[in-house]
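Heads up: the structure comes next, in structure tokens.
Side-chain atoms are counted along with the backbone in the values below, which use heavy atoms only and exclude waters and symmetry mates. Atoms within a ligand are numbered from 1 in the order they appear, just like the ligands themselves.
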Amino acid sequence: MKGSLTHEQLAAAAAEFGTPLYVYHAEKIGEQYEKIRSAFSIMDTSFFYASKALTNINILRYIKSIGCNVDCSSINEVKLALFAGFEPARILYTSNGISFEEIEEAVAAGVHINIDSLSNLEKFGKKYGHTYPVGIRIRPNIMAGGNLKISTGHDTSKFGIPVDQLTQIENLVSEYNILIRTLHIHTGSDIKDPDIFVKGMEVLFELIPHFPELEVIDLGGGFKVPYMPGEKETDVVLLAQKIKDTFDHHPVAGNHGAGRKFSIWFEPGKFLVSQCGYLLAEVTVVKDTGNMVFAAVNSGLNHLIRPMMYDAYHHIVNVSNPDGQPKIYTITGNVCETDTFASEREISEIREGDILALFNAGAYGFEMASNYNSRFRPAEVLYKENIPHLIRRRDTMQDLLRNQELNS
Ligand SMILES: *Cc1c(COP(=O)(O)O)cnc(C)c1O
């Protein structure tokens, strides 16, 4: 596969930096970005990397270097993006459920903001009136995404202002003369079907005539990547064509003649960084229980929680013995929980001490890691131009004790 690290490169990183270890591949991120950038070059499109997927400052700097912007889910992510060197105009803060103080901080920083509640929209209007352009996150009431846990646009979702509350939105906008520049939706993750994006657009199109100062249609993220061998990612070329057609044929949104002109924004997270990442773990124990062979590794749901939280499939390769005889194993962590990475999976013969690589670990991997069981969070390494760079050291006992006060 173009853009993947080799077994030798992964094994070399494990030998040099120890395990458990997150390893990322810069050029793979560049390859994914180039795919969407070129697919959407047929229209006015900007991309904002959803940084919550992976916020290491070196990753943010790489994202910046390839020309991509950044989308943030908290004010701290905004601060990390500024620290990484993004100009405020390249930072978007798509908030949900936050206090108004964070919105004030974001305004002070000069970044783009999407607001997701009537309550914050009203406070925003009272304080800023027409002086600061803002976006609103709409809940389109459509079901999208790989499963309910990663679906965010349906009619019982907490995210966004329900589209059926348009009248309340309009009342606030006119009462405080709010400058609405962006309409935003983000309906879920793992969306393979381009028609879901089209459906979302159609909901937004209905709203366009109500917002005369609108300049941006933000369609969020959620592009699917392959997790299982043989699985396909979202066909971004087809998606771009469908989105362009939908725009061109719309009487109001149409970017032709009489229509108003809009920029399209996207916020891909997974699509950019999922496949660039690997979690490397060492096999600590092989246990044959008669009806099953377990291989336990020096990691667990404290380092990669997606298999347990979302029933996510992560491909696993034994990089110490890639050509060994395939056998059936259940791969678990070493945490005091049932932290199964893979159930009865065919993997080339595993011996204690072997290094297993869990694929697709770039997005929502390290970012969701914790110190549960008082284990250390893994180190992180970035391969760039075939050279591995340590970009975060492994936790130490000092890290576990750092914020504790001996006060009682
Ligand atoms: C998480 C998130 C994204 C990215 O989703 P992916 O599935 O990783 O592409 C984009 N926009 C918003 C608002 C998000 O919360």
Side-chain angles (χ1 to χ4, degrees), residues 28-29 32-33 35-37 39-40 45-55 59-60 63 68-78 81 91-98 102-103 106 111-117 120 134-140 143-154 157-161 182-194 196-197 200 204 216-227 231 233-234 236 239 264-277 305-306 309-310 312 360-368:
K28 180 64 187 171
I29 302 174
Q32 291 297 101
Y33 179 63
K35 261 189 224 167
I36 41 174
R37 198 205 55 76
F40 281 92
T45 314
S46 297
F47 297 96
F48 293 76
Y49 163 58
S51 63
K52 72 175 188 285
L54 179 59
T55 54
I59 299 291
L60 296 181
I63 291 281
C68 188
N69 309 307
V70 67
D71 176 46
C72 303
S73 293
S74 75
I75 194 70
N76 291 346
E77 284 185 4
V78 171
I91 302 174
L92 170 62
Y93 183 12
T94 302
S95 62
N96 90 83
I98 62 167
E102 280 199 22
I103 293 180
V111 305
H112 305 287
I113 302 166
N114 289 328
I115 288 182
D116 103 317
S117 66
N120 273 331
V134 74
I136 38 184
R137 178 171 187 168
I138 300 291
R139 193 186 76 191
M143 187 55 85
N147 63 56
L148 190 57
K149 276 194 188 162
I150 51 175
S151 181
T152 54
H154 53 90
S157 163
K158 71 165 188 174
F159 294 99
I161 304 175
T182 304
L183 287 181
H184 168 278
I185 50 170
H186 170 70
T187 55
S189 198
D190 255 8
I191 307 171
K192 180 151 179 257
D193 180 4
I196 295 288
F197 286 93
L204 292 186
V216 177
I217 301 289
D218 180 347
L219 295 173
F223 305 141
K224 182 175 174 47
V225 296
Y227 280 88
E231 236 183 348
E233 66 188 15
T234 308
V236 289
L239 176 65
I264 310 294
W265 288 5
F266 284 106
E267 304 157 355
K270 212 173 247 191
F271 192 82
L272 292 179
V273 300
S274 174
Q275 296 159 95
C276 86
I305 202 170
R306 298 191 74 262
M309 189 142 104
Y310 306 122
N360 285 85
Y364 312 109
F366 183 89
E367 214 54 39
M368 289 184 164

Practice problem: Using atom types as modelled and distance alone, determine if a side-chain donor or acceptor of Q32 lies under 3.5 Å from a backbone N or O of V273. | Solution: no
Quiz item: Any N/O of K270 closer than 3.5 Å to an N/O of ligand 1?
Solution: yes
Quiz item: So, for L204 and D218, which heavy atoms are closest and what is the spacing to 0.1 Å?
Solution: CD1-O, 4.5 Å
Quiz prompt | Sub-4.0 Å atoms of ligand 1 with respect to non-hydrogen atoms of G269 | solution = 4 (C), 6 (P), 8 (O), 9 (O)
Quiz item: Which one holds for D71 and ligand 1: side chain close, backbone close, both close, or neither close, with close meaning a heavy atom under 4.0 Å?
Solution: side chain
Quiz item: Applying a 4.0 Å heavy-atom criterion (strictly less than), which segment of H186 is in contact with ligand 1: side chain, backbone, both, or neither?
Solution: side chain
Self-check item: Nearest neighbour of atom 6 (P) of ligand 1 from the list G222, S51, A50, S95, on a heavy-atom basis
Solution: G222
Quiz item: ligand 1 and E267, any nitrogen or oxygen pair closer than 3.5 angstrom?
Solution: yes
Quiz item: N/O of K52 under 3.5 Å from N/O of ligand 1, yes or no?
Solution: yes
Practice problem: Check the angle between the aromatic planes of F223 and F197 and answer parallel, tilted or perpendicular using the 30° and 60° thresholds. | Solution: tilted
Quiz item: What part of S189, side chain from CB on, backbone N/CA/C/O, both or neither, has a heavy atom under 4.0 Å from ligand 1?
Solution: both
Quiz item: Is the shortest heavy-atom distance from the side chain of L92 to the side chain of T182 under 4.5 Å?
Solution: no
Quiz item: With a 4.0 Å cut-off, would you call E231 and K192 a salt bridge?
Solution: no
Quiz item: According to the interplanar angle, ranging from 0 to 90°, do the rings of F48 and W265 count as parallel (below 30°), tilted (30 to 60°) or perpendicular (above 60°)?
Solution: tilted
Quiz prompt | Contacting atoms of ligand 1, where contact means under 4.0 angstrom from a heavy atom of R137 | solution = 13 (C)
Quiz item: Using a heavy-atom cut-off of under 4.0 Å, does the side chain or the backbone of Y364 touch ligand 1, or both, or neither?
Solution: side chain
Quiz item: Would you call Y227 and D190 a side-chain contact if the rule is heavy atoms closer than 4.5 Å?
Solution: yes
